[in-house]
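Right, one structure below, let's go through it.
Just so you know, these numbers come straight off a predicted model, no measurement behind them. Values below: every heavy atom of this structure, side chains too, minus hydrogens, waters and symmetry copies. Both counts, for ligands and for their atoms, begin at 1 and track the order of listing.
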Amino acid sequence: MTTNRTVRLVGRPVGMVTREAFEIADEAAPEPGEGEFRVKIEYISLDPAMRGWMAEGKSYVAPVQLGDVMRAYGVGYVDVSNHADYAAGDAVVGMFGVQQYAISNGKGVVRADASLAPLESWVGGLGMPGWTAYFGLLDVGEAKEGDTVVISAASGAVGSIVGQIGKLKGCRVVGIAGSAEKCAYLRDELGFDAVIDYKSEDLYAALKTACPDGVDVYFENVGGEITDAVLSRMNTFGRVAVCGMIAYYNATEAPAGLKNVRSILVNRLKVRGFIVFDFAERIAEAMTALVGWQKEGKLQLRQDVREGGVDAYPEVLNLLYTGGNFGKLVLKV
Ligand SMILES: NC(=O)c1ccc[n+]([C@@H]2O[C@H](COP(=O)([O-])OP(=O)(O)OC[C@H]3O[C@@H](n4cnc5c(N)ncnc54)[C@H](OP(=O)(O)O)[C@@H]3O)[C@@H](O)[C@H]2O)c1
């Protein structure tokens, strides 16, 4: 019998995630039915949104139900198949959950190619975070050549791809990140035009220096005080692509900030929230672009791979909310 180690949500955390919210146990691995296949998951994608999926209340998807395997993207290999289009050994990406084996009927599954890029990057820069960066910057942010683009959480899975696409499109790219090491990476390795360490610099003064011609596009990943500071530098008819609000995900009271909403009026800003799945019909377009840039050596993909298997899930997830990750955070199963 094949054993499947699973992480089930059994409580709704308040504040940061704790181990008590999960039941981690061995179960019999499920067998695929007709038209289904089983995936042996190699890497689990850890995404900031997971904290929201654990919470009750209105959101863009239903919360994970208590007792269910925690929702997660993953990448792995087909292990047993009763599906006409998938054979054992095929590399696949999908919403497979925090566990070792998952059953799929192929719906929502995307193929990966480990010969082109490391398997884990198919849940990173070539996967959902990459699609988010692509549509968020180009469609929602309407970035065009010559624009100044500011990105918060810039060294992360989404932000690092936004900045690189911005450079490919001829924008002036400014990244905000939480350490000198992350800032050096953005500037020296990814070619960002300017960087700001929000933990050690005066944000308002640094933005003024980094964006002498103001800001045309703000790619918002964080919220709170960083948003206020960037809003103070927006140009007339600027765009704010609201991708994430990570400063709020574990908050038990509203974080400081978001007072500068007058900037939306006086600058006639277009502020638009989006979820990557709004662009579900166009995923192939994003993948073609991202894979093309990667093949041409124009896109750097940085993964932060953590060991410990599914048992390490609660502690590793929290790295996202403390800035402990550097690159796309994944858990090796
Ligand atoms: N709309 C969508 O469809 C969609 C899809 C994917 C992701 N997202 C959002 O995109 C954002 C980035 O996600 P990701 O997967 O790329 O994660 P990530 O950037 O790889 O990791 C999260 C980073 O956020 C920063 N951070 C955490 N708490 C912060 C705080 N209170 N203030 C400022 N920065 C903070 C940390 O970097 P520092 O060290 O720089 O602080 C941390 O490393 C998240 O808000 C996420 O929810 C949205």
## Note on the structure
In terms of heavy-atom contacts, G136 and F274 come closest through CA-CZ, 3.4 Å
### Query
Relative to the ring of F135, is the ring of F279 parallel (under 30°), tilted (30 to 60°) or perpendicular (over 60°)?
parallel
Donor-acceptor contacts, no H, no angles, side chain residues 283-291, under 3.5 Å, sequence neighbours left out:
from, atom 1, to, atom 2, distance (Å)
E285, OE1, R282, NE, 2.9
E285, OE1, R282, NH2, 3.3
E285, OE2, Y134, OH, 2.7
E285, OE2, R282, NH2, 3.1
T288, OG1, A284, O, 2.7

### Task
Check Q99, Q100, R8 against E27 for a side-chain hydrogen bond (donor to acceptor under 3.5 Å, both in side chains) and give me the one that passes.
R8
### Query
Atom OH in Y321, atom CG in L319: separation rounded to 0.5 Å?
10.5 Å
## Note on the structure
min-distance protein heavy atom vs atom 45 (O) of ligand 1 -> N221 O, 2.9 Å
### Query
Which ligand 1 atoms does M245 reach within 4.0 Å, using its non-hydrogen atoms?
45 (O)
### Nearest non-hydrogen protein atom, atom 20 (O) of ligand 1
A157 N, 2.9 Å
### Message
When you measure from the heavy atoms of C243 to every atom of ligand 1, does any distance fall below 4.0 Å?
### Response
yes
### Message
Suppose I only count heavy atoms of A247 and a 4.0 Å limit; which atoms of ligand 1 are within that range?
### Response
31 (N)
### Query
Hey, does L329 sit under 4.0 Å from ligand 1 if you only count heavy atoms?
no
### Task
Any atoms of ligand 1 less than 4.0 Å from a non-hydrogen atom of Y321? List them with their elements.
28 (N)
### Message
For atom 23 (C) of ligand 1, what's the nearest protein heavy-atom neighbour? Residue, atom name and distance, please.
### Response
L320 O, 3.8 Å
### Message
Under 4.0 Å, heavy-atom basis, I'd like to know which part of K328 is in contact with ligand 1: side chain, backbone, both or neither.
### Response
neither
### Message
If you compare all heavy atoms of E142 against all heavy atoms of D139, which two are closest, and at what distance to 0.1 Å?
### Response
CG-O, 3.4 Å
## Note on the structure
In terms of heavy-atom contacts, C211 and R233 come closest through O-NH2, 2.8 Å
### Task
Kindly give the heavy-atom pair with the smallest separation between G224 and Y248, and that separation in Å.
N-OH, 3.3 Å
### Message
Taking 4.0 angstrom as the limit and counting only heavy atoms of N325, give me the atoms of ligand 1 inside it, by number and element.
### Response
18 (P), 20 (O), 21 (O), 42 (C), 43 (O)
### Query
Got the closest protein heavy atom to atom 29 (C) of ligand 1, with its distance?
I246 CG2, 3.7 Å
### Query
For ligand 1, does V158 get within less than 4.0 Å through its side chain, its backbone, both, or neither, judged by non-hydrogen atoms?
both
### Query
Do any N/O atoms on I275 end up under 3.5 angstrom from N/O atoms on ligand 1?
no
### Residue, atom name and distance, where the atom is the protein heavy atom closest to atom 15 (O) of ligand 1
P48 CD, 3.2 Å
### Query
What heavy-atom pair brings I44 and V310 nearest, and what distance separates the two atoms?
CD1-CG1, 3.7 Å
### Query
Taking N or O atoms only and a 3.5 Å limit, does F274 qualify as a polar contact for ligand 1?
yes
### Query
Tell me, which protein residue and heavy-atom name are nearest atom 4 (C) of ligand 1, and how many Å apart are they?
T132 CG2, 3.6 Å
### Query
Does Y198 approach ligand 1 within less than 4.0 angstrom via side chain, backbone, both or neither, non-hydrogen atoms only?
side chain
### Task
State, to 0.1 Å, how close K182 and F326 come at their nearest heavy-atom pair, and which atoms those are.
CA-CZ, 3.7 Å
## Note on the structure
So CG of D47 and OH of Y73: to nearest 0.5 Å the spacing works out to 8.5 Å
Name the atoms and distances for all side-chain donor-acceptor pairs under 3.5 Å in residues 251-265, with sequence neighbours left out.
from, atom 1, to, atom 2, distance (Å)
N260, ND2, D228, O, 3.3
S263, OG, L231, O, 2.8
S263, OG, N267, ND2, 3.0

### Message
Need the ligand 1 atom indices (1-based, order shown) with element for anything under 4.0 Å from a heavy-atom of K182.
### Response
37 (O), 38 (P), 39 (O), 43 (O)
### Task
Could you list which atoms of ligand 1 come closer than 4.0 Å to a heavy atom of G244?
9 (C), 45 (O)
### Task
Tell me which protein heavy atom sits closest to atom 36 (C) of ligand 1, plus the residue, atom name and distance to 0.1 Å.
G323 CA, 3.6 Å
### Task
Give the residue, atom name and distance (to 0.1 Å) of the protein heavy atom nearest atom 19 (O) of ligand 1.
G156 CA, 3.2 Å
### Query
If you count the atoms of ligand 1 from 1 in the order shown, which ones are under 4.0 Å from a heavy atom of V276?
2 (C), 3 (O)
### Query
Is the distance between the ring centroids of Y60 and F277 less than 6.0 Å?
no
### Summary
Heavy-atom proximity to atom 38 (P) of ligand 1 ranks first, among G175, A251, G178, G159, for G178
### Query
Under 4.0 angstrom from ligand 1, any heavy atom of M128?
yes
### Query
Can you check whether Q164 reaches V173 side chain to side chain, under 4.5 Å on heavy atoms?
no
### Task
Can you sort out which atoms of ligand 1 are near A177, meaning under 4.0 Å from one of its heavy atoms?
40 (O)
### Task
Assess whether side chain to side chain donor-acceptor pair (under 3.5 Å) is satisfied between S232 and K208, documenting all intermediate values.
CA-CA 9 Å; S232 76; K208 202 170 175 183; over 6 Å; no
### Query
At the 4.0 Å heavy-atom cut-off, does Y249 count as touching ligand 1?
yes
